Each structure stands twice: as C-alpha cells, then as structure tokens.
Amino acid sequence: MLQNNLWENSSKENIGFEQLKDSVVSDLTIVGGGYTGCSAALSAAENGLSVTLIDNKIGFGGSGRNVGLVNSGLWLPPKKVESILGKDSGIKLNKALSKAPDLVFELIDKYKINCSAKRNGTLHCAHSQKGFKDIQDRYQQLTERGAELELLDQKEAEKRIGSSKFHGALLNKKAGTINPLSYCRGLARAAQSKGANIFEASLATKIKRKDNFWEIQTESGSIQSKMLLIATNAYQQNIKGIDPSKYTPVYYFQAATKPLSKDSLEGVLTNKEGCWDTATVMSSFRLDDENRFIIGGIGNLGPNISKIHSSWAKRKTQSIFPSLKNISLDYFWGGQIAMTDDHIPKIYKIGQGAYSIFGYSGRGIGPGTYLGKSIIESFLTGSEESLPIKPTHSNNEMFGKLKGNFIEFGAKLNHLA
Ligand SMILES: Cc1cc2nc3c(=O)[nH]c(=O)nc-3n(C[C@H](O)[C@H](O)[C@H](O)COP(=O)(O)OP(=O)(O)OC[C@H]3O[C@@H](n4cnc5c(N)ncnc54)[C@H](O)[C@@H]3O)c2cc1C
C-alpha cells in the first residue's frame with residue numbers, strides 16, 4: 001500500500017497554476033505556497049504590492065497534510081512562552097496568536113473558502129491523571145490571560161468524545177477544524193483573485209543579491225524583487241545562495257476510514273470537535289465532513305506504510321472507540337513538522353528586505369496565517385514592530401536530524417507496545 005492523502009481526495013478547492021517561464025519583476029517574491037506564503041501573498045496583493053509566489057505545488061508541504069485543528073496560541077503553555085522570550089515579548093506573541101483562529105475563520109468567510117470549516121471547538125484530551133494536571137494548569141494560565149475555555153471532568157469529556165478513555169479534556173470553543181489542503185488552496189485562489197502571480201512547477205533553485213534586488217531563479221524563469229519571503233518550513237528543497245532553515249524534522253502521520261454510517265458512529269464525537277491528547281508520543285483523532293474517522297500519531301510511515309505505525313493506528317482507534325473495532329483504514333499519509341529547540345517559530349532575517357519564517361513545531365495553521373499577514377505589515381511600514389516575534393540574525397539550531405531520528409525511534413517503540 002502506498003501513501004494516499006485523504007485531503008487530496010476530498011478537497012473541494014481545486015485550482016492549478018502555470019509554470020513560471022519568463023523573467024518577471026515584482027515588489028515581493030514568496031518562495032513556498034503553504035499557509036505562510038499564501039497568507040502573505042493574499043495580504044500583499046490586498047495592500048497593492050505586486051507579488052509573485054512560486055512552489056512546486058500549492059499545499060505540497062505541511063499545509064496539505066496536517067490534522068486540520070485550528071487552535072489558538074502555540075503548543076507551549078503561555079507562561080512557558082513568556083519565560084523563554086521574556087515577559088513583554090512573550091505577552092506580545094501570546095496575545096497575537098490567541099487571535100489567530102479569528103483571522104483564519106474570517107479569511108474563510110471573506111473569500112468563501114470551501115474547506116469544510118467547523119468552528120465548534122477542539123478538545124485537548126487528558127490521557128492520564130498527569131495529563132489532567134497538565135490541562136488544569138493550561139486552563140488556569142490561559143483563562144488568566146483572557147481565553148474562554150471549559151475544563152471538562154472525566155464524565156463531561158466522555159459525553160462529548162464518546163469514549164471513557166480520557167481523564168478529562170480542555171474545550172476551546174473558539175477553535176475548530178478544516179480540510180487543511182482546501183484552506184491552503186483557497187488562500188492561493190483568493191490571493192490570485194487580488195492580483196498575486198502564482199506559479200507551480202516552479203521551485204526556487206538559486207537566490208542571489210544583485211544591485212539592490214533579490215534575484216530568484218527557477219529552472220525555467222527568474223524573478224527580481226526588492227523584498228523576499230522564504231516560507232518553506234519543513235519542506236525546503238535545496239536553494240543555492242541561502243542558508244537552509246535549521247530545525248528538528250518530526251514525522252506525523254494519519255489514517256482515515258471511508259465515510260461511516262450514523263449507526264456505526266453512534267455516540268462518537270457527536271459534535272465533531274477535533275481532538276488531540278496530552279501524551280508525549282501524542283495522537284489525534286477527528287471526523288471529517290463526510291464522517292470519515294481520522295486517527296493520527298507521531299511517526300514516519302515511509303513510502304510503503306510502516307507496519308508498526310499502521311497496526312498501531314488500528315489498535316489505537318479500537319482502544320479509544322471499541323465500537324469501531326472492525327473498521328478498515330483506507331487512507332494513510334504523513335508529513336514533516338519543523339520543530340525548533342524552544343518550540344517557538346523563527347523569523348530569520350536573511351538580508352535587506354528578506355526573511356525566512358519557519359519552525360511552527362506542529363502548530364502552524366493559525367500561526368502561519370498570522371505571521372504571513374504580519375510580515376507584509378512589516379514590509380509596508382518598514383518596521384519590525386508589527387511582527388509578533390523578533391527576527392533573529394542567526395540560524396543555528398544543531399543536530400536536527402539526529403534529534404529527529406531519536407524521536408522516531410521513541411515513537412516506534414511506543415507504537416510497538
Ligand atoms: C502531519 C502534520 C499534522 C499537523 N497538524 C497540525 C494541526 O492540526 N494544526 C496546526 O495548526 N498545525 C498542524 N501542523 C503544522 C502545520 O501543518 C504547519 O506548521 C504549516 O502547514 C506550515 O505552513 P508553511 O506555509 O510554513 O509551510 P508548508 O505548508 O510546509 O509549505 C512549504 C512549501 O514550500 C515549498 N517549497 C519548498 N522548497 C521550495 C523551493 N525551493 N521553491 C519553491 N517552493 C518550495 C513546498 O513545496 C511547500 O509547499 C501539522 C503538521 C504536520 C506535518
């Protein structure tokens with residue numbers, strides 16, 4: 001069996017773009033068409049900048065493969081963000097990203113993006129007593145900072161999830177779920193409708209500074225621009241002339257059923273919240289618009305679907321929802337997360353008017369959309385103040401591959417147990 005991405009099969013936003021075949025001049029070039037790049041392209045075009053975005057395929061990276069949980073903030077609890085960045089910078093980032101789901105759902109509404117958006121909450125599920133303490137602590141920190149959340153005890157969580165497996169859950173009603181690839185394609189469509197030039201089958205191969213411009217070469221064309229955004233996150237293909245982004249690559253995969261009948265889903269996620277758990281080797285589960293059940297976990301499926309991870313997906317589904325014990329998992333696909341050492345995304349200043357944004361550490365739908373928009377504000381105002389994260393001038397995370405292998409080893413051991 002080969003990888004087969006459900007989102008590719010079920011996307012209702014389908015749009016294609018031509019290859020770049022000329023030399024063009026733009027105010028801004030964007031390399032990478034995930035949420036960061038497409039949100040930036042949309043915002044640039046809305047604000048009257050001429051913008052050219054290039055990719056091999058829109059949504060080819062994490063944006064076309066993820067779970068589709070539109071959550072606020074980062075993975076880290078807000079106090080931790082404040083302790084890493086310092087109080088003022090931490091407060092600024094937490095505040096900005098607490099509103100990221102508003103931005104995502106506003107864009108979906110404004111541009112009528114057909115991505116099965118459901119803003120009916122997500123559940124962070126406590127897999128153990130220790131996990132419950134973790135969500136209690138998060139509840140306290142987040143509500144102190146103005147978030148509207150509900151802390152569910154075991155009984156309330158069981159009612160919502162339809163499983164007695166969890167010790168409680170943290171419900172964020174302002175969060176929600178989407179078809180992630182459709183959202184990404186919809187952003188690209190919206191950007192094009194506002195005048196952005198978007199090209200596919202057009203990977204950047206070389207970037208150099210020439211006079212006061214950046215020159216970006218592809219196999220069949222080139223772009224000159226004053227401003228440059230590299231938005232390739234965990235999927236950067238080799239580009240000569242710039243430092244590759246440095247991070248720890250962490251694999252995450254998902255498996256999904258065919259659409260299930262109402263009877264077989266009796267009591268399972270009746271309100272369709274998207275869920276993930278508090279375990280270190282975490283897992284996620286949700287339903288899509290057509291009632292396919294989707295389970296996810298850390299691990300590298302490889303091109304031929306690792307037996308260790310695929311068998312785990314079946315066992316895990318059964319252990320959460322015994323009533324689903326005989327279902328067949330028909331889709332398997334995976335993606336790569338760019339994890340940074342401190343789990344905080346990076347804005348790396350490459351040179352004059354040029355930035356690379358990456359390192360969402362597994363939470364990039366809200367943050368990617370938000371940072372894509374805010375980098376344009378910074379280009380327009382000529383000030384970095386609008387950025388919720390201070391740009392760095394070095395890109396020096398070490399031993400990413402080694403750390404990634406270690407995480408994969410741990411996930412395999414966990415999934416064998
Ligand atoms: C399996 C999985 C599950 C996840 N679940 C969630 C979730 O539920 N919620 C959430 O908020 N986040 C989640 N994330 C994280 C989220 O998907 C990412 O943080 C987000 O998609 C990053 O967006 P991006 O635009 O920065 O990068 P990407 O979407 O990865 O896009 C980068 C793009 O750059 C292009 N590119 C690379 N090199 C070049 C080049 N040389 N020239 C031109 N283009 C190039 C690639 O083709 C790619 O399309 C998950 C990630 C994964 C992998």
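On a predicted model such as this, the values are computed, not experimentally measured, just so you know.
The shortest distance between side-chain heavy atoms of I58 and E200 falls below 4.5 Å. A 4.5 Å side-chain heavy-atom check between W214 and R209 finds at least one atom pair inside the cut-off. Residues I178 and I365 form a side-chain contact, since some pair of their non-hydrogen atoms from C-beta on lies under 4.5 Å apart. In this structure, the side chains of L49 and M227 come closer than 4.5 Å at one or more pairs of heavy atoms. K316 has its side chain within reach of S283: a pair of non-hydrogen atoms, C-beta onward, lies under 4.5 Å apart.
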> Going through the distances and angles, do T36 and Y360 end up as a side-chain hydrogen bond (donor to acceptor under 3.5 Å, both in side chains)?
Replying inline: CA-CA 10 Å; T36 310; Y360 294 104; 2.8 Å; yes

>> What verdict does the side-chain contact (heavy atoms from CB on, under 4.5 Å) test give for L74 and L93, after you've listed the backbone C-alpha separation in whole Å, the side-chain angles of each residue and the deciding distance to 0.1 Å?
In response: CA-CA 9 Å; L74 294 170; L93 180 58; 3.8 Å; yes

>> Under the criterion side-chain hydrogen bond (donor to acceptor under 3.5 Å, both in side chains), I'd like the reasoning laid out for S378 against S386: C-alpha separation, chi angles, the key distance, then a yes or no.
In response: CA-CA 6 Å; S378 143; S386 59; 4.7 Å; no

>> Before you tell me yes or no, could you show the steps for D288 and L6 under side-chain contact (heavy atoms from CB on, under 4.5 Å), namely the whole-Å CA-CA distance, both residues' side-chain angles and the distance that decides it to 0.1 Å?
In response: CA-CA 10 Å; D288 78 352; L6 168 66; 4.0 Å; yes

> Could you go step by step and tell me if V31 and L228 meet the side-chain contact (heavy atoms from CB on, under 4.5 Å) rule?
Replying inline: CA-CA 8 Å; V31 178; L228 170 66; 4.2 Å; yes

> Between K272 and N291, does a side-chain hydrogen bond (donor to acceptor under 3.5 Å, both in side chains) hold up when you go through it step by step?
Replying inline: CA-CA 9 Å; K272 288 200 168 177; N291 283 338; 3.0 Å; yes

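To the nearest 0.5 Å, atom CG of residue L53 and atom CG of residue L28 are 8.5 Å apart. Here the straight-line distance linking atom NZ of K226 with atom CG of N212 works out to 6.5 Å at 0.5 Å rounding. Taking CZ of R286 as the reference point, atom OG1 of T122 lies at 11.0 Å (rounded to 0.5 Å). Rounded to the nearest 0.5 angstrom, L187 CG and S43 OG are separated by 11.0 Å. Distance check, rounded to the nearest 0.5 Å: CZ of R65 to SG of C184 gives 11.5 Å. Atom OG of S222 and atom CD1 of I54 lie 10.0 Å apart (nearest 0.5 Å).
Salt bridge K118/D289: present, at least one basic N to carboxylate O contact under 4.0 Å. A salt bridge does not link D341 to K246: none of the charged side-chain nitrogens sits closer than 4.0 Å to a carboxylate oxygen. With respect to K110 and E46, a salt bridge is recorded, a charged nitrogen being found less than 4.0 Å from a carboxylate O.
The minimum heavy-atom distance between N4 and D330, with the atom names listed, is ND2-O, 4.0 Å. Taking each heavy atom of A188 and F17 in turn, the nearest pair found is CB-CZ, 4.0 Å. The minimum heavy-atom distance linking L269 with C275 is given by the pair CD2-SG, 3.6 Å. Minimum interatomic distance between I375 and I357 (heavy atoms only, all atoms of both residues): CB-CD1, 4.1 Å. Summarising the geometry of K346 relative to D342, their closest heavy-atom pair is NZ-OD1, 2.8 Å, with the distance given to 0.1 Å. Nearest heavy atoms, G34 versus S63: CA-OG, 3.4 Å.
Take T257 and apply the side-chain contact (heavy atoms from CB on, under 4.5 Å) test, not counting sequence neighbours, and it matches L260, R292, F293, I327, L329. Every residue meeting the salt bridge (charged side-chain N to carboxylate O under 4.0 Å, His left out) condition with R185, not counting sequence neighbours, appears here in chain and number order: E8. Considering only residues two or more places apart in sequence or on other chains, F166 meets the ring pair (Phe, Tyr, Trp, His ring centres under 6.0 Å) condition with F285. Evaluation of the side-chain contact (heavy atoms from CB on, under 4.5 Å) rule for K173 yields E150, R160, L171 as partners, not counting sequence neighbours. Listed by chain and residue number, Y348 satisfy the side-chain contact (heavy atoms from CB on, under 4.5 Å) test with T392 (two or more places apart in sequence, or in another chain). Looking at residues two or more places apart in sequence or on another chain, you find a side-chain contact (heavy atoms from CB on, under 4.5 Å) between R145 and P78, K79, E82, Q141.
Residue-environment remark: NZ (K92) exceeds the threshold of 12 foreign heavy atoms within 6.0 Å. Heavy-atom contacts from other residues, nucleotides or ligands closer than 6.0 Å to CD of E144 number more than 12. Within a 6.0 Å sphere centred on CD of E290, other residues, nucleotides and ligands contribute more than 12 heavy atoms. Other residues, nucleotides and ligands contribute over 12 non-hydrogen atoms within 6.0 Å of the NZ atom of K314. Residue-environment remark: CD (E18) stays at or below the threshold of 12 foreign heavy atoms within 6.0 Å. Counting heavy-atom neighbours within 6.0 Å of K165 NZ, excluding the residue itself, gives a total of 12 or less. The environment of K80 atom NZ is sparse: at most 12 non-hydrogen atoms of other residues, nucleotides or ligands sit within 6.0 angstrom.
For the residue pair N114 and Y183, no side-chain donor N or O sits within less than 3.5 Å of a side-chain acceptor on the partner. Side-chain contact annotation: Y252 with S284, donor-acceptor N/O pair under 3.5 Å present. One side chain, S72 or N172, offers a donor N or O that lies under 3.5 Å from an acceptor on the other. In summary, the side chains of D134 and T278 do not present any donor paired with an acceptor at a separation below 3.5 Å, with no hydrogens or angles considered. For the residue pair Q336 and Y251, a side-chain donor N or O sits within less than 3.5 Å of a side-chain acceptor on the partner. At a cut-off of 3.5 Å, with distance as the only test, no side-chain donor of Q140 or Q136 sits close to an acceptor on the other residue. With 3.5 Å as the limit, one finds no donor-acceptor pair spanning the side chains of T52 and T29. Judged purely by distance below 3.5 Å, without hydrogens or angles, the side chains of Y111 and S193 never pair a donor atom with an acceptor atom. Of the N and O atoms on the side chains of N179 and S116, not one donor lies less than 3.5 Å from an acceptor on the other residue.
Remark: side-chain polar atoms of T381 are paired, donor with acceptor, to backbone N or O of E377 under 3.5 angstrom. Distance alone, capped at 3.5 Å, places no donor-acceptor pair between the N271 side chain and the E273 backbone. Side-chain atoms of D137 do not come within 3.5 Å of backbone N or O of K133 as any donor-acceptor pair. Panel note: side chain S311, backbone I308; no donor-acceptor pair is recorded below 3.5 Å. For T232 (side chain) and Y235 (main-chain N/O), no donor-acceptor pair under 3.5 Å exists by modelled atom type. Of the possible donor and acceptor atoms, none in the side chain of R119 sits under 3.5 Å from a partner among the backbone N and O of G176.
Note: H124 and W276 have parallel aromatic rings, judged against thresholds of 30 and 60 degrees for the angle between ring planes.
In summary, of the residues considered (L301, I295, I298), a side chain to side chain contact (heavy atoms under 4.5 Å, CB included) with F253 occurs for L301 alone.
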